[in-house]
Protein chains: 2
Amino acid sequence: MSSNIRRSVPQQQRAQEMIDRILSAAAQVLSESGYAGLSTNRVAAAAGVSIGSLYRYFAGKNELIEELRARSSADVLADLTGALTAAVGMSARDGVHHILSVLVGAVKRHRAVTTAMIAEAPLGAHGNILPEVERQLTQVTRIFVAVHAPELDPAEADARIHLAMGVTLNACLRIALEPPAGVTEDRLISLTADLLVLGLVPDPVRTHPDPAQSRPDPVRTRPDPVRARPGR
Amino acid sequence: MSSNIRRSVPQQQRAQEMIDRILSAAAQVLSESGYAGLSTNRVAAAAGVSIGSLYRYFAGKNELIEELRARSSADVLADLTGALTAAVGMSARDGVHHILSVLVGAVKRHRAVTTAMIAEAPLGAHGNILPEVERQLTQVTRIFVAVHAPELDPAEADARIHLAMGVTLNACLRIALEPPAGVTEDRLISLTADLLVLGLVPDPVRTHPDPAQSRPDPVRTRPDPVRARPGR
DNA sequence: CGATAAAGTGAGCGAAAGCTCGGGTACCAC
DNA sequence: GTGGTACCCGAGCTTTCGCTCACTTTATCG
C-alpha cells in the first residue's frame, strides 16, 4: 500500500524527461503485456530507469496508472472540444458524424491505454476510462436535446441522453479497437450517427411498431409475459 | 505458471459438491474484493477448503475463472433462449423489449461475475464476457434482418447487426449494473428497444435529418457529404 | 572552486501470489 | 474386516510484487 505522498515536483529538464520516459514505457508495457503484466519494476526496466527514480515521481503504482489514464483522457478531450466547435456549423447528423469520427481517431491513438483500462483497474469503481469525455459530451448533448426537443420532460431527456452516451462511447471503442471485418469504419460511424440523432429526438410516429409491419407472425401473445424472475 | 493439466474428474458426490463450493466462493470473493482481490488461496479459504483441493479440480487460476465465466454465460444464455422462443409470437418491438428485459435480469443475477469480468481478465483478448450470448443473439438478429429487410446487401446488414450487438450488450450491462438515477429501468429498456428496431431495419425516409425539424440553425451545409459506399 | 539541493541508483525487504507434494482420511468393493 | 482408490489437507516452495532507503551522481549557484 502506498501512502506517504513522496512524489517530488520536477524542477530540472531531465526530471521532466524522465517522467515522460516512464509514462511512455508504461504505455508500451501495457500494450505488450496487458494490465496484468504492468508492474512498476517492469516499467522502470522498460524505461531504462531505476525503480527508485520511478518512485520519486509517482507515489505508487496507482498514481502511475492514473496519470497515464489522465493524459490519454485529456488528449481525447482536447480532440473532442475541437470537434464540438467544428460541429456547430453543421447539420445535426453531420455534426454527430464528425464528432464520432474524431473520437474514434482519438481512441485509436490511445489504443494501448484504452484497451487496458477497460479493465477494472483501481480507478473508478465502474471502470470508466474517459469520464471527462463523457461528462463533456453529456453536457453538450443536454443542450442539443433542449434545443431540438424542448417538449421532452427532464427525466425522459435524461434517459435518452444516458442511452446515447452509452451508444456513443461503446460504438467508438468498438469501432476503434475491435473493428469488424468487411465493413468500412466510416459506414459504421454513419450508422451510429443516424442511430444517435434518431434516438435523441423523439418522433411520435415511430416510437412503436407500425401494425402493417408485421410478417406472417400469426400469434400475438400477451402484451408482456411474466418477466424474468427478479432473481437474487 | 500452471501447465500440467492435472485436473481430475469428480466421481463421487462430495467431489461435485466441493467444486460447487469452490465456484460459489470464488463468485463471493469476486463480489467482495473485485478481480484484483481474487486469489486461489483466498477462494479456498472462503470455501472452507484446502488449497490443494482447489488445484485438484482446477488446473490453475485461469481455469477457475474461465469456469466461473462459462457458468454465468451458460445461465444467461439459457434465459436468452427462453426469451427468444417467447418472442416469436410477438411484434418486433415487443419481442426486442422482452429479450432485453430478460437479459437485464440475467445479468443482474450474475452481477458479481459480470462486473468483475468486464475487467481484462486473462480470458479473451477483447474482454468479452458473454461471447456465447453475443453469438446466439447475432445469429437470431441475422435472421430477423433477412426477413424484415431482405433488400439490404450482406455487408450493410452485417454492419447494422454489429452495431446492434454493441448497443444491446452495452445497454444491458449499463442498465443492469449501473442504473442511472431518476429513470425507471423499464423506460430505458423501452428506449433501447425502439432504437434497436429503428437501427436494424432501414427506412429511407429518416436516414437523414428531416428539413422541417431544424431549429434556429441558420447554416445548413451540404446535403450529405460523401457517404460510405456499402463497403467490401 | 566548494557547498547544497535535486536527480538518479539498485540491492533487497516483507508480503502475497500461484502452485506442489507427501501424507492423511473417507468411501466402496470384496 | 482388508485392500485399493478416490478424496482431501496444508506446510511450504518459488517467484514476483510493490516499495524503501542508504547511497552516488549531476546540476545550480555564490
Side-chain angles (χ1 to χ4, degrees), chain A residues 1-23 25-26 29-30 32-68 116 119-123, chain B residues 1-23 25-26 29-30 32-68 116 119-123:
Chain A
M1 291 295 162
S2 70
S3 47
N4 8 351
I5 300 170
R6 199 167 53 78
R7 178 174 180 170
S8 83
V9 179
Q11 307 192 9
Q12 298 177 14
Q13 187 189 356
R14 58 177 176 154
Q16 190 54 56
E17 285 168 356
M18 161 140 291
I19 290 182
D20 291 342
R21 270 234 300 287
I22 293 174
L23 282 174
V29 169
L30 213 49
E32 283 174 359
S33 314
Y35 185 84
L38 186 83
S39 76
T40 52
N41 291 292
R42 220 129 110 65
V43 169
V49 153
S50 152
I51 180 66
S53 299
L54 189 153
Y55 277 93
R56 168 173 279 271
Y57 298 109
F58 299 95
K61 189 189 180 186
N62 291 1
E63 285 270 317
L64 171 64
I65 292 172
E66 167 56 22
E67 179 69 23
L68 202 60
E120 57 180 335
L123 313 170
Chain B
M1 292 298 161
S2 72
S3 48
N4 10 349
I5 300 169
R6 202 166 53 77
R7 177 173 180 171
S8 82
V9 179
Q11 307 192 8
Q12 298 177 14
Q13 187 188 356
R14 58 176 174 156
Q16 189 55 57
E17 284 168 356
M18 162 140 290
I19 291 181
D20 290 343
R21 268 234 301 286
I22 293 174
L23 282 174
V29 169
L30 213 49
E32 283 174 359
S33 315
Y35 184 85
L38 186 82
S39 75
T40 51
N41 290 292
R42 220 129 109 65
V43 170
V49 153
S50 153
I51 181 66
S53 300
L54 189 153
Y55 277 93
R56 166 173 278 270
Y57 297 109
F58 299 95
K61 189 187 181 187
N62 291 1
E63 285 268 317
L64 171 64
I65 293 172
E66 167 55 22
E67 178 69 21
L68 203 59
E120 59 178 334
L123 313 172

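Predicted, not measured: the structure shown is a model, and the values here were computed from it. Per chain, numbering begins at 1; letters A, B, ... match sequence-line order.
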Could you tell me whether the phosphate oxygens of C:dG8, OP1 or OP2, come under 4.0 Å of any side-chain nitrogen or oxygen in A:Tyr55? no

A:Thr40 vs D:dG18: side-chain N/O to OP1/OP2 distance below 4.0 Å: yes

Please state whether the base of C:dG8 and the side chain of A:Ser50 form at least one donor-acceptor pair under 3.5 Å?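 By the distance-only test, no, there is no pair.
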
State, yes or no, whether a side-chain contact exists between B:Leu23 and B:Phe58 at a heavy-atom distance under 4.5 Å.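 SC-SC contact between B:Leu23 and B:Phe58 confirmed.
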
Please list every donor-acceptor pair under 3.5 Å in which a side-chain atom of residues 42-51 of chain A meets a protein atom from a residue at least two apart or in another chain.
unit_1  : atom_1 : unit_2  : atom_2 : d
A:Arg42 : NE     : A:Gly37 : O      : 3.1
A:Arg42 : NH2    : A:Ser33 : OG     : 2.4
A:Ser50 : OG     : A:Gly52 : N      : 3.0

Output all residues satisfying side-chain hydrogen bond (donor to acceptor under 3.5 Å, both in side chains) with A:Gln13, sequence neighbours left out; order by chain, then residue number. A:Glu17

Quick one: side-chain hydrogen bond (donor to acceptor under 3.5 Å, both in side chains) partners of B:Thr40, sequence neighbours excluded?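 Listed in chain order: B:Tyr55.
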
Out of curiosity, B:Leu64 CG to B:Glu66 CD, how far, rounded to the nearest 0.5 Å? 10.5 Å

Between CG of A:Leu54 and CD of A:Glu63, what distance do you get to the nearest 0.5 Å?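 So the CG of A:Leu54 and the CD of A:Glu63 are separated by 11.0 Å.
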
Gap between atoms [atom1] and [atom2], on [X] and [N] respectively (whole Å):
| X | N | atom1 | atom2 | result |
| --- | --- | --- | --- | --- |
| A:Asn41 | C:dT9 | CG | P | 14 Å |
| B:Asn62 | C:dC19 | CG | C1' | 13 Å |
| A:Arg21 | C:dT9 | CZ | C1' | 13 Å |
| A:Arg56 | D:dT24 | CZ | P | 16 Å |
| B:Leu64 | C:dC19 | CG | P | 10 Å |
| A:Arg42 | D:dC19 | CZ | P | 17 Å |

Over all strands shown, is A:Val43 touching base, sugar-phosphate only, or nothing at heavy-atom distances under 4.0 angstrom?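 Here A:Val43 touches no strand at all.
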
Base, sugar-phosphate or nothing for A:Leu54? Non-hydrogen atoms, less than 4.0 Å. nothing

Let me know, please, whether A:Ser39 or B:Ser53 comes out on the 5' side of the other along DNA chain D by nearest nucleotide.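 Looking at the nearest nucleotide for each, B:Ser53 comes out on the 5' side.
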
Considering only side-chain heavy atoms of A:Gln11, which listed nucleotide, D:dT20, D:dC7, C:dA7, is closest?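 Out of D:dT20, D:dC7, C:dA7, the nucleotide with an atom closest to A:Gln11's side chain is C:dA7.
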
Which nucleotide in the list C:dA17, D:dC19, D:dC8 gets nearest to the side chain of A:Lys61? D:dC19

Heavy atoms only: give me the nearest A:Ala26-A:Leu38 pair and the separation to one decimal. O-CD1, 3.6 Å

Which residues, if any, of residues 12-20 of chain B bring a heavy atom under 4.0 Å of DNA chain D? B:Gln12, B:Arg14, B:Ala15, B:Met18

